[in-house]
**Student:** 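Quick one: structure below, then a few questions.
Throughout, a chain's letter reflects where its sequence line sits, starting with A, and its residues are numbered from 1.
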Number of protein chains: 2
Amino acid sequence: MKKICVYGKGGIGKSTVVSNVAAALAESGQKVMVIGCDPKGDSTRNIVGKKIPTVLDVLRRKGEDIQLEDIVFKGFQGIYCVESGGPEPGIGCAGRGIIKAIEILDKLKVFETLELDVLIYDILGDVVCGGFAMPLQRHLADEVYIVTTCDPMALYAANNICKGIKRYAYRGNTTLGGIIYNGRSVVDNISIVSEFASRLNTEVVGYIPMSEIIVKSEIRKKSVIEYAPDHPIANTFRELAKKILNNSKRVIPNPLSEEELDEMWERI
Amino acid sequence: MKKICVYGKGGIGKSTVVSNVAAALAESGQKVMVIGCDPKGDSTRNIVGKKIPTVLDVLRRKGEDIQLEDIVFKGFQGIYCVESGGPEPGIGCAGRGIIKAIEILDKLKVFETLELDVLIYDILGDVVCGGFAMPLQRHLADEVYIVTTCDPMALYAANNICKGIKRYAYRGNTTLGGIIYNGRSVVDNISIVSEFASRLNTEVVGYIPMSEIIVKSEIRKKSVIEYAPDHPIANTFRELAKKILNNSKRVIPNPLSEEELDEMWERI
Ligand SMILES: Nc1ncnc2c1ncn2[C@@H]1O[C@H](COP(=O)(O)OP(=O)(O)O)[C@@H](O)[C@H]1O
Ligand SMILES: Nc1ncnc2c1ncn2[C@@H]1O[C@H](COP(=O)(O)OP(=O)(O)O)[C@@H](O)[C@H]1O
Ligand code: SF4
Ligand SMILES: [Mg+2]
Ligand SMILES: [Mg+2]
């Protein structure tokens with residue numbers, strides 16, 4: 001089973017990438033599960049067609065009686081979907097919520113029962129604290145893909161995620177698979193992101209252009225693959241999915257210093 | 001002493017608002033301190049003219065020998081500046097780092113020694129977990145101002161911050177002073193933000209238009225008040241500072257439901 005984490009700042013396009021890559025993989029015959037770890041709980045909305053109940057919400061309601069069918073839902077092309085959810089705002093640790101959710105899936109033997117080919121975690125990367133880095137700490141996945149734009153804040157968050165990966169790489173070999181450049185910001189400058197990737201010792205594995213069809217499919221709560229399978233952007237996601245599935249180039253990233261980041265921003 | 005927290009999503013304009021409001025207050029004779037609680041540690045850069053050492057960094061280096069002059073720096077018009085800093089990416093709790101920094105300031109009797117008129121905390125609001133809500137939980141301030149744009153993610157974060165305020169309001173009466181609308185996003189629609197504010201039972205206390213002069217002063221590591229005191233935007237910040245200083249309308253917010261937020265976004 002290939003286990004990957006997709007990290008990135010809030011609103012950067014993680015769920016857009018995850019739902020379309022999952023749809024492309026499922027369409028080509030892979031058995032895929034997506035676990036949304038963003039407290040917003042909307043990672044799998046465009047795969048199932050609606051927001052699903054989160055593990056933490058169901059746990060708060062049903063306690064130990066929780067069953068597999070309470071928290072695992074089937075979406076487009078049979079993709080299995082789970083949302084970890086988060087604590088109520090203001091209390092608890094968002095990161096620990098993710099681990100609690102994973103522990104429940106383990107207890108219910110979800111991973112053994114479903115015989116998955118690919119498992120994808122969609123994780124918020126605004127704050128790389130002990131909480132949100134838990135999936136790295138606990139080696140939940142083998143490789144991480146980071147979604148970014150060329151905005152300073154997005155690159156800053158991506159660099160922090162790399163610091164987190166580097167810190168835990170020795171523990172279980174969770175490494176960086178690559179950078180996914182989402183051209184959805186006001187400034188579109190792939191050369192900045194390519195330079196950022198090569199300084200980290202990795203590469204840009206995919207480029208998603210800013211595109212109307214992504215917003216149109218999202219409004220209908222579908223992936224682009226489902227809503228407009230013949231659109232060029234659907235093929236962009238199919239290529240990205242293939243690249244991720246076959247990627248064997250994984251590195252321990254070499255995060256940039258504050259000064260190096262500052263110097264790059266001045267050129268944007 | 002008036003104690004306020006300024007919250008908002010990363011990159012939304014918190015430090016721009018805080019450094020200019022602080023400069024306007026100091027210019028009019030108030031004794032002001034700014035405590036940056038963003039792990040990035042750059043809240044006070046445009047007041048001091050450079051990034052200052054953070055409390056957590058100095059604590060890691062000097063331990064218990066830490067002195068007031070190691071962590072409190074004077075900037076424009078005598079504004080006192082402190083940066084709490086954050087843990088290394090991937091470990092520890094970003095929120096607990098803020099509390100640790102405040103405990104050190106208390107131990108060094110910073111607040112008694114400096115006889116401040118206004119104390120402003122600049123706090124990251126992407127994730128409103130137990131960590132980042134600690135300033136609300138520990139009643140570090142009397143009123144909160146939330147900086148937002150009309151982007152869905154920014155409003156979602158602002159709504160979560162309101163859930164955090166509401167949760168702790170009974171403990172010590174930290175309430176919502178108002179919404180500050182920063183027109184810096186691609187979509188500029190003040191009516192959406194005004195509606196959002198009135199649904200929360202509060203109002204928009206300030207509107208900062210998208211403006212070149214903000215970026216120009218930032219590059220020179222100055223506030224607009226210092227770099228271009230006669231510019232209309234400097235007066236915008238002076239008016240906002242006066243409004244905040246004299247504001248007595250504070251409320252316990254009435255956060256929107258997911259459905260209400262979804263409905264508002266569809267109209268953006
Ligand atoms: N390449 C793109 N072109 C146009 N819109 C995009 C693109 N990528 C993402 N978006 C839009 O940006 C918003 C945020 O994307 P989302 O995937 O939900 O981010 P995240 O999961 O990182 O929070 C969504 O409304 C999505 O439709
Ligand atoms: N009204 C505005 N017009 C133009 N640029 C702005 C405006 N507000 C903020 N900015 C720019 O946006 C960036 C982020 O602002 P900042 O105050 O650092 O955000 P935060 O402190 O919330 O992370 C800065 O580069 C700043 O110059
Ligand atoms: S570890 Fe992170 S997610 Fe957990 S409470 Fe602290 S800041 Fe929040
Ligand atoms: Mg998402
Ligand atoms: Mg800031």
**Student:** Looking at B:Gly95, B:Gly131, B:Pro89, B:Ala133, which one has more heavy-atom pairs under 4.5 Å with chain A than the rest?
**Tutor:**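 Heavy-atom pair counts peak at B:Pro89.
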**Student:** For A:Glu266, which atoms come within 4.5 Å of any heavy atom of chain B: side chain, backbone, both, or neither?
**Tutor:**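 For A:Glu266, no heavy atom lies under 4.5 Å from chain B.
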**Student:** Sequence neighbours excluded, which residues qualify as ring pair (Phe, Tyr, Trp, His ring centres under 6.0 Å) partners of A:Tyr181?
**Tutor:**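 Only A:Tyr207 meet the ring pair (Phe, Tyr, Trp, His ring centres under 6.0 Å) criterion with A:Tyr181.
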**Student:** Hey, what do you get for CE (B:Met153) to CD1 (A:Ile12), rounding to the nearest 0.5 Å?
**Tutor:**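 Answer rounded to 0.5 Å: 9.5 Å.
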**Student:** Would the number of heavy atoms belonging to other residues, nucleotides or ligands and lying under 6.0 Å from CZ of A:Arg250 be above 12?
**Tutor:**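 Buried by this count: over 12 neighbours within 6.0 Å.
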**Student:** Output the residues of residues 154-163 of chain B for which the shortest heavy-atom distance to chain A is under 4.5 Å, in residue-number order; output 'none' if no such residue exists.
**Tutor:**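 Heavy-atom contacts from residues 154-163 of chain B to chain A are B:Tyr156, B:Asn160, B:Lys163.
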**Student:** For A:Ile91, is there any backbone N or O sitting under 3.5 Å from a side-chain donor or acceptor partner on B:Arg167?
**Tutor:**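 No; zero donor-acceptor contacts below 3.5 Å.
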**Student:** What donor-acceptor contacts under 3.5 angstrom involve side-chain atoms of residues 35-42 of chain B, with partners at least two apart or in another chain?
**Tutor:**
unit_1  : atom_1 : unit_2  : atom_2 : d
B:Asp38 : OD1    : B:Lys40 : N      : 3.0
B:Lys40 : NZ     : B:Asp42 : OD2    : 3.3

**Student:** Got B:Lys9 and A:Lys9 here, is their nearest side-chain heavy-atom distance under 4.5 Å?
**Tutor:**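 A side-chain contact exists here, since the closest heavy-atom pair is under 4.5 Å.
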**Student:** Which pair of heavy atoms, one from B:Ala94 and one from A:Cys129, lies closest together, and at what distance?
**Tutor:**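 For B:Ala94 and A:Cys129, the tightest heavy-atom pair comes out as N-CB, 4.1 Å.
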**Student:** If you count heavy-atom pairs within less than 4.5 Å of chain A, which of B:Ile165, B:Val127, B:Val128, B:Leu124 leads?
**Tutor:**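 Heavy-atom pair counts peak at B:Val128.
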**Student:** Counting heavy-atom pairs under 4.5 Å with chain A, which one of B:Lys166, B:Glu88, B:Met134 comes out on top?
**Tutor:**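 Counting heavy-atom pairs under 4.5 Å, the top option is B:Glu88.
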**Student:** Among all residues two or more places apart in sequence or in another chain, which pass the ring pair (Phe, Tyr, Trp, His ring centres under 6.0 Å) test with A:Phe196?
**Tutor:**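 A:Phe196 satisfies ring pair (Phe, Tyr, Trp, His ring centres under 6.0 Å) with no other residue.
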**Student:** Using non-hydrogen atoms only, which part of B:Leu136 is less than 4.5 Å away from chain A: side chain, backbone, both, or neither?
**Tutor:**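 When you check distances to chain A, no heavy atom of B:Leu136 falls under 4.5 Å.
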**Student:** Hey, which of A:Gly92, A:Pro87, A:Pro255 has the most heavy atom pairs under 4.5 Å with chain B?
**Tutor:**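 That would be A:Gly92.
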